[in-house]
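Just so you know, ligand 1 is whichever comes first in the structure, and atom 1 is the first atom listed for that ligand. What you are looking at is a predicted structure, and each value in this text was computed from that prediction instead of being measured. All values below come from the heavy atoms of this structure, side chains included, with hydrogens, waters and symmetry mates left out.
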Amino acid sequence: MILNRGLFITFEGPECAGKTTHIQLLERYLAKQGKRVLLTREPGGTEIGEQLRHIVKHHVGGMADETEVLLFAASRAQHVVSVIRPAIQSGMVVLCDRFMDSTTAYQGHARGLDMDFINRLNRFAVAGCVPDLTILMDLSPKESVRRSKERETPLGLDDRIESETLDFHERVREGFLEVMRSEPDRVKLIDASKSIEEVHSAIVAAIDAVAAVKQ
Ligand code: Z5A
């Protein structure tokens, strides 16, 4: 891959789809080619964002859906201004674990908040910093739960969003697929149920294709 300018790649999908695993594999692949790579995540990626991450994931005692969506947007706005945009402008490849499509899928499709508002809020928070490529790692909620139970430190019980119902996670999945159908050029679907090696190859192919166009 020949890449002379920064690139912004986001990873989306349900819990345990393998986003973290594949971002790390991709970082190694790109670093071997001499690329400067920044790994970051949402919610989080900044001091403010990490504090908001703790609140949205672990707050006990109820949170209005309206509050939740604004906290994700606040984390994103700070992340774009202080981390993502400067890194892209300096020529880095930015790999971000979740971004604006998670808000569309979780707060829009699954929570049922007004989609026009979600779209406007996303546009406001990203301020033009739209991903060059989004890797949508598709996995059924049942498989996601199976993987979660298998990992060394299972998540979920103290996590507000992960402990939502199977129905909620089905709506999240459909929400992501809807985003992919409406923006097929940006969002590439990857079958995350395949082996780690197969998924990595598919991701590399998608990234090489985009890099060839953007160079
Ligand atoms: N959220 C939101 O609602 N709105 C928003 O706008 C944003 C986020 C930005 C963040 O959770 C939560 O915030 C999330 C959405 C919400 N809540 N939920 N659900 P997070 O960042 O803490 O967690 P996550 O994004 O859900 O990621 P995760 O649980 O860490 O999963 P992952 O990164 O996709 O997977 P992994 O850690 O790479 O792998 C998980 C396990 O599966 C591990 O044991 C691997 O070895 C295994 N694995 C990975 N790939 C494979 C394959 N191919 N086969 C078999 N096993 C595999």
**Q** Give yes if a backbone or side-chain nitrogen or oxygen of E42 is under 3.5 Å from a nitrogen or oxygen of ligand 1, and no if not.
**A** no

**Q** Checking contacts here: is it the side chain or the backbone of M137 that comes within 4.0 Å of ligand 1, counting heavy atoms only? Could be both or neither.
**A** neither

**Q** Given side-chain contact (heavy atoms from CB on, under 4.5 Å), test E12 with M137 step by step and report yes or no.
**A** CA-CA 6 Å; E12 299 278 12; M137 306 196 53; over 6 Å; no

**Q** Could R76 and F99 be counted as a cation-pi pair, given that NZ or CZ must be under 6.0 Å from the ring centre and within 45° of the axis?
**A** yes

**Q** For R76, take its heavy atoms, then give the atoms of ligand 1 lying under 4.0 Å from any of them.
**A** 6 (O), 9 (C)

**Q** What do you reckon, does R53 have a nitrogen or oxygen under 3.5 Å from a nitrogen or oxygen of ligand 1?
**A** yes

**Q** Would E68 count as a polar contact of ligand 1, with the cut-off being nitrogen or oxygen pairs under 3.5 Å?
**A** no

**Q** Distance only, no hydrogens: is a donor on one side chain within 3.5 Å (strictly under) of an acceptor on the other, for H169 and S144?
**A** no

**Q** Out of I161, T21, I190, indicate the one that has the non-hydrogen atom closest to atom 45 (C) of ligand 1.
**A** T21

**Q** Which one holds for K19 and ligand 1: side chain close, backbone close, both close, or neither close, with close meaning a heavy atom under 4.0 Å?
**A** both

**Q** Check each heavy atom of E164 against ligand 1 and say whether those closer than 4.0 Å belong to the side chain, the backbone, both or neither.
**A** neither

**Q** Applying a 4.0 Å heavy-atom criterion (strictly less than), which segment of K194 is in contact with ligand 1: side chain, backbone, both, or neither?
**A** backbone

**Q** Closer than 3.5 angstrom, by distance alone: can the side chain of K35 be matched with the main-chain N or O of Q33 as a donor-acceptor pair?
**A** yes

**Q** How about D167 and T165: does a side-chain donor come under 3.5 Å of a side-chain acceptor?
**A** no

**Q** Pairs of nitrogen or oxygen atoms closer than 3.5 Å, one from H169 and one from ligand 1: do any exist?
**A** no

**Q** So, is A17 polar-close to ligand 1, with some N/O to N/O distance under 3.5 Å?
**A** yes

**Q** Geometry only, no angles: is T103 polar-contacting ligand 1 at N/O separations under 3.5 Å?
**A** yes

**Q** Taking only heavy atoms of T20 into account, list the atoms of ligand 1 that are under 4.0 Å away from them.
**A** 30 (O), 32 (P), 33 (O), 37 (O), 38 (O)

**Q** Is the closest N or O pair between G18 and ligand 1 shorter than 3.5 Å?
**A** yes

**Q** Given side chains that start at C-beta, do those of V37 and L95 come closer than 4.5 Å, heavy atoms only?
**A** yes

**Q** Please compare R147, E198, H79, R111 and report which has the shortest non-hydrogen distance to atom 56 (N) of ligand 1.
**A** R147

**Q** Where the closest heavy atom to atom 19 (N) of ligand 1 is concerned, which of E162, R146, E143 has it?
**A** E162

**Q** Does I48, at its CD1 atom, have more than 12 non-hydrogen atoms belonging to other residues, nucleotides or ligands within less than 6.0 Å?
**A** no

**Q** Considering residues at least two apart in sequence or located in another chain, which fulfil the salt bridge (Lys or Arg N to Asp or Glu O under 4.0 Å) criterion with D65?
**A** R111

**Q** When only distance counts, is C16 in polar contact with ligand 1, meaning an N/O pair under 3.5 Å?
**A** yes

**Q** Please report whether ligand 1 has a polar contact with R151, defined as an N or O pair separated by less than 3.5 Å (distance criterion only).
**A** yes

**Q** Side chains of F8 and V93: does their closest heavy-atom pair fall under 4.5 Å?
**A** no

**Q** Any side-chain heavy atom of H58 sitting closer than 4.5 Å to one from R53?
**A** no

**Q** Can you tell whether the side chains of E183 and R186 come within less than 4.0 Å, N to carboxylate O?
**A** yes

**Q** Heavy atom under 4.0 Å from ligand 1: found in R41's side chain, backbone, both, or neither?
**A** neither

**Q** Of the backbone atoms (N, CA, C, O) and the side-chain heavy atoms from C-beta on, which set of E15 has a member under 4.0 Å from an atom of ligand 1: side chain, backbone, both, or neither?
**A** both

**Q** Just going by heavy-atom distances, which of E12, K57, Q107 is nearest to atom 3 (O) of ligand 1?
**A** Q107

**Q** With a 4.5 Å limit on heavy-atom distance, are the side chains of L7 and L133 in contact?
**A** no

**Q** Can you tell me which portion of S195 lies within the under-4.0 Å heavy-atom range of ligand 1? Options are side chain, backbone, both, or neither.
**A** backbone

**Q** Geometry only, no angles: is H22 polar-contacting ligand 1 at N/O separations under 3.5 Å?
**A** no

**Q** Within the structure provided, determine whether I203 and L26 are in side-chain contact (heavy-atom separation under 4.5 Å).
**A** yes

**Q** Could you walk me through whether D138 and R173 pass the side-chain contact (heavy atoms from CB on, under 4.5 Å) test, one step at a time?
**A** CA-CA 7 Å; D138 183 48; R173 183 187 199 186; 2.9 Å; yes

